There are 2 protein chains.
Amino acid sequence: MDVTMKDVAKLAGVSLSTVSRVLNDSSLVREETARKVQKAVEKLDYQINDSARILRTNTSNLIGVIGAGMERPFLANLLKGIEAEARERGYALIYGDSDGEFEKEQNYLNIMKQKKIDGIILITTNYYNDLLSIVKNYQIPVVFASGYISDPEISCVTVDNVAAAYDIVEFLCQAGHKDIAFIKGPDLDLLASQERLRGVKLALRLSEIKYDPNRFIEGDFTFESGYSAAKKIIRKFPDVTAIFAFNDEMAVGAIRYLKEQNIKIPEEISVVGFDGIELGKYIDPALTTVKQSGYQLGLKSIDMLNKIINKEKIEDNKVFIPHKLVVRESTNKLNELTTKEEVIINNRG
Amino acid sequence: MDVTMKDVAKLAGVSLSTVSRVLNDSSLVREETARKVQKAVEKLDYQINDSARILRTNTSNLIGVIGAGMERPFLANLLKGIEAEARERGYALIYGDSDGEFEKEQNYLNIMKQKKIDGIILITTNYYNDLLSIVKNYQIPVVFASGYISDPEISCVTVDNVAAAYDIVEFLCQAGHKDIAFIKGPDLDLLASQERLRGVKLALRLSEIKYDPNRFIEGDFTFESGYSAAKKIIRKFPDVTAIFAFNDEMAVGAIRYLKEQNIKIPEEISVVGFDGIELGKYIDPALTTVKQSGYQLGLKSIDMLNKIINKEKIEDNKVFIPHKLVVRESTNKLNELTTKEEVIINNRG
DNA sequence: GAAAATAATGAAATCCATTTCACTATTTAA
DNA sequence: TTAAATAGTGAAATGGATTTCATTATTTTC
């Protein structure tokens with residue numbers, strides 16, 4: 001029913017082998033013969049049967065992507081970057097959502113293995129050591145694109161979560177904030193959230209601010225969780241002057257809550273986020289955040305994976321993409337606030 | 001190197017055929033034999049070679065998804081729904097982004113055909129008639145999940161863009177707005193944007209408001225385009241009392257611009273969006289919009305595709321998912337505004 | 001208990017491309 | 001001109017499953 005190489009061979013008056021050679025690497029075929037074959041291919045609109053090819057060659061030009069929470073803007077852009085670079089390099093993508101569940105991850109891993117994927121990108125927040133050992137067992141090239149994995153065998157591409165979180169907290173501290181609350185990610189998130197936590201602690205220590213675990217409210221990276229975390233923060237710590245949400249969506253949720261309570265941002269409370277998604281520019285006040293490019297992360301991940309697949313030398317299997325502090329309207333210096341109050345006090349006095 | 005059925009057969013002491021039967025449909029196999037085979041499968045951790053299976057059976061349990069602009073929250077959720085339902089039904093997903101380019105769509109269509117996908121979901125804004133005829137030629141089950149396609153042969157699942165746009169414009173009109181501006185989608189978008197446009201026109205006609213094409217500024221569904229569209233609107237039509245952006249992101253961008261200009265929302269200008277993405281609840285003012293569920297749309301699309309693949313009867317190959325007007329803070333009745341003004345006038349008088 | 005029917009299994013063909021090996025045609029070297 | 005080397009091509013083996021057809025065991029029927 002479908003056109004096969006045999007049909008092409010017959011029409012071109014050559015053998016199967018020759019057709020195959022023309023379609024892959026015509027170096028061994030006379031130009032004239034190649035032309036005949038090409039003509040037949042076009043005339044019949046021949047399309048290769050990929051399964052047959054994969055069966056024989058054991059390479060699929062397929063890359064598996066297993067992610068979770070990919071509807072988040074940052075990760076949606078990551079996927080976009082992955083897709084663009086994969087396409088560029090001749091790979092197609094098999095995409096599966098694990099919902100952050102180990103079982104589903106395993107499941108997809110199996111399915112993808114059965115499809116003989118050439119490599120796999122994992123975007124998984126709560127990796128378990130089990131997953132790591134399974135992945136290693138599979139002998140399939142893997143890149144983690146969600147956080148730093150210390151295991152030296154594992155390649156990963158990620159923003160430097162520790163440094164980035166450090167930078168933004170340091171920024172708050174240098175602005176004079178001492179009473180800071182945090183909306184962290186799920187405790188199960190062993191990658192991004194835990195790393196950012198480490199960066200926070202580091203910055204606090206260097207600024208000689210006591211680390212108080214109570215000031216870390218757990219969220220799940222959604223608007224909603226940011227909103228309700230802010231509520232808890234305001235109740236428990238009415239004196240905070242700054243909130244650092246571990247991603248922009250939670251920051252936006254928090255801002256919404258604060259505004260509902262008629263708390264002025266940044267005059268009374270500064271709010272900062274993480275990721276630097278487009279949205280941050282358009283909310284009111286525009287969000288101060290530390291920006292990383294999901295798209296870039298996607299490109300780099302495929303780049304590294306491609307190198308592993310092709311057994312190219314890799315200088316370093318831990319790659320960090322750049323991050324940048326973006327100061328907008330949701331923060332100010334605590335001094336400024338003080339100044340204003342002083343002015344008011346002066347007026348009164 | 002990999003474990004094959006042959007290995008399983010040998011270990012279990014049966015023939016290849018028997019192993020295959022056990023793994024597919026053991027109805028013809030003695031229970032005892034089946035157990036032996038199962039045990040061998042487990043012992044060897046046998047994984048089927050999918051390419052071999054597909055080659056033989058010509059069915060892949062693969063569904064292709066070709067989309068564009070999938071980083072938009074609504075579409076990201078659509079993809080999530082597609083993935084969830086596809087997984088549920090035993091399909092894996094091959095995912096490609098077309099960037100809205102015909103050539104890339106064609107390309108992916110070819111690649112996917114070569115991989116013997118069982119069906120395909122198209123989320124493409126500017127479909128060309130070319131694409132339609134190609135798709136028809138391919139004889140592969142297809143579902144459009146992005147808008148209404150009139151061609152009776154083509155199945156589609158979509159919100160009723162005409163009705164939804166009608167509803168929200170009617171809502172504005174009934175609130176007393178006569179001077180409305182619109183931020184539409186790209187003119188190339190023959191689906192969502194053009195349909196919404198039709199809904200708008202219908203509502204305007206029924207409310208006896210003259211249709212003025214100048215009042216429709218073209219955007220591209222991004223925050224940024226909503227922002228600059230609002231700028232144009234305010235310059236050209238300083239008297240507008242309402243803006244309808246054809247999606248929520250553009251509405252958010254518009255709101256940002258209006259706020260920068262110290263224009264009060266909704267007191268001076270009401271703003272409405274389309275889609276009902278989560279974000280709308282958290283911006284200030286919370287966005288009035290017409291809500292559809294991307295996730296739901298995804299589920300329904302796979303459901304329909306699955307039916308086509310299995311040659312089940314389909315009552316109607318045009319399916320609409322529900323939409324709902326969600327009134328929040330970004331709109332008010334023009335009367336209320338008038339009342340306030342009257343009060344002010346009275347105060348003055 | 002023999003014949004007929006059914007259940008359970010295996011051998012071999014098949015799906016479609018790639019690739020090795022063998023062979024012929026053409027060049028090059030001597 | 002002949003021997004040696006190389007270029008170009010084809011036949012056949014191969015990858016790993018499914019499935020048809022044939023065959024052997026087992027039941028059922030009379």
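Model, not experiment: these values are computed from the prediction. A note on names: the letters A, B, ... follow the listed sequences, proteins ahead of strands, and every chain is numbered from 1.
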In whole Å, I'd like the distance from the [atom1] atom of [X] to the [atom2] atom of [N].
{"X": "A:Leu23", "N": "C:dT19", "atom1": "CG", "atom2": "P", "value": "13 Å"}
{"X": "A:Arg35", "N": "D:dG8", "atom1": "CZ", "atom2": "P", "value": "13 Å"}
{"X": "A:Asp2", "N": "C:dT14", "atom1": "CG", "atom2": "P", "value": "18 Å"}
{"X": "A:Ile54", "N": "C:dA17", "atom1": "CD1", "atom2": "C1'", "value": "11 Å"}
{"X": "B:Asp50", "N": "D:dA17", "atom1": "CG", "atom2": "C1'", "value": "10 Å"}
{"X": "A:Leu55", "N": "D:dT14", "atom1": "CG", "atom2": "P", "value": "14 Å"}
{"X": "A:Lys116", "N": "D:dG16", "atom1": "NZ", "atom2": "P", "value": "8 Å"}
{"X": "B:Glu31", "N": "C:dA8", "atom1": "CD", "atom2": "P", "value": "10 Å"}

Any idea which of [options] is nearest the [X] side chain?
{"X": "B:Arg30", "options": "C:dA8, C:dC16, D:dG16", "answer": "C:dA8"}
{"X": "A:Thr4", "options": "D:dT20, C:dC16, D:dG10", "answer": "C:dC16"}
{"X": "A:Val14", "options": "D:dG10, D:dG16, D:dC21", "answer": "D:dG10"}
{"X": "B:Tyr46", "options": "C:dA12, D:dA17, C:dT20", "answer": "D:dA17"}
{"X": "B:Ser20", "options": "C:dC16, C:dT9, D:dT19", "answer": "D:dT19"}
{"X": "B:Thr33", "options": "C:dT9, D:dG16, C:dC16", "answer": "C:dT9"}

Next item on the list: Please round to the nearest 0.5 Å and tell me the distance separating atom CG of B:Leu305 and atom CD1 of B:Ile309.
Entry: 4.0 Å
Note to self: I'd like to know if A:Arg53 reaches the base of D:dG15 with its side chain, counting only an N/O donor and acceptor under 3.5 Å.
What the structure shows: no
Margin query: Check this for me: does the side-chain of B:Ser17 come within 3.5 Å of the base of C:dA11 through a donor and an acceptor?
Written below: yes
Notebook entry, point to check: In terms of side-chain heavy atoms, does A:Ser20 have a donor or acceptor partner in A:Ser17 at a distance below 3.5 Å?
Noted result: no
Margin query: Do A:Gln47 and A:Asp2 pair up side chain to side chain, a donor and an acceptor below 3.5 Å, judged on atom types alone?
Written below: no
Margin query: Quick test of your reading of the model: are A:Asp97 and B:Arg87 salt-bridged, counting only N-O distances below 4.0 Å?
Written below: no
Notebook entry, point to check: Which is true for A:Asn58 with a 4.0 Å heavy-atom rule: it touches a base, it touches only sugar-phosphate, or it touches nothing?
Noted result: nothing
Next item on the list: Assign B:Ile48 to base, sugar-phosphate, or nothing according to its heavy-atom contacts below 4.0 angstrom with the strands shown.
Entry: sugar-phosphate
Margin query: For A:Arg21 and A:Met5, find the nucleotide of DNA chain C closest to each by heavy atoms; which residue's nucleotide sits nearer the 5' end?
Written below: A:Met5
Next item on the list: Taking only the side-chain nitrogens and oxygens of A:Ser15, find out if one of them lies under 4.0 Å from OP1 or OP2 of D:dG10.
Entry: yes
Check: What's the shortest heavy-atom distance between A:Glu105 and A:Leu131, and which atoms?
Finding: OE1-CD2, 3.3 Å
Note to self: Atom NZ of residue position B:Lys43 - does it have more than 12 heavy atoms of other residues, nucleotides or ligands inside 6.0 Å?
What the structure shows: no
Item checked: 5' priority, DNA chain D, between A:Leu16 and A:Ala34 [closest heavy atom] -> A:Ala34
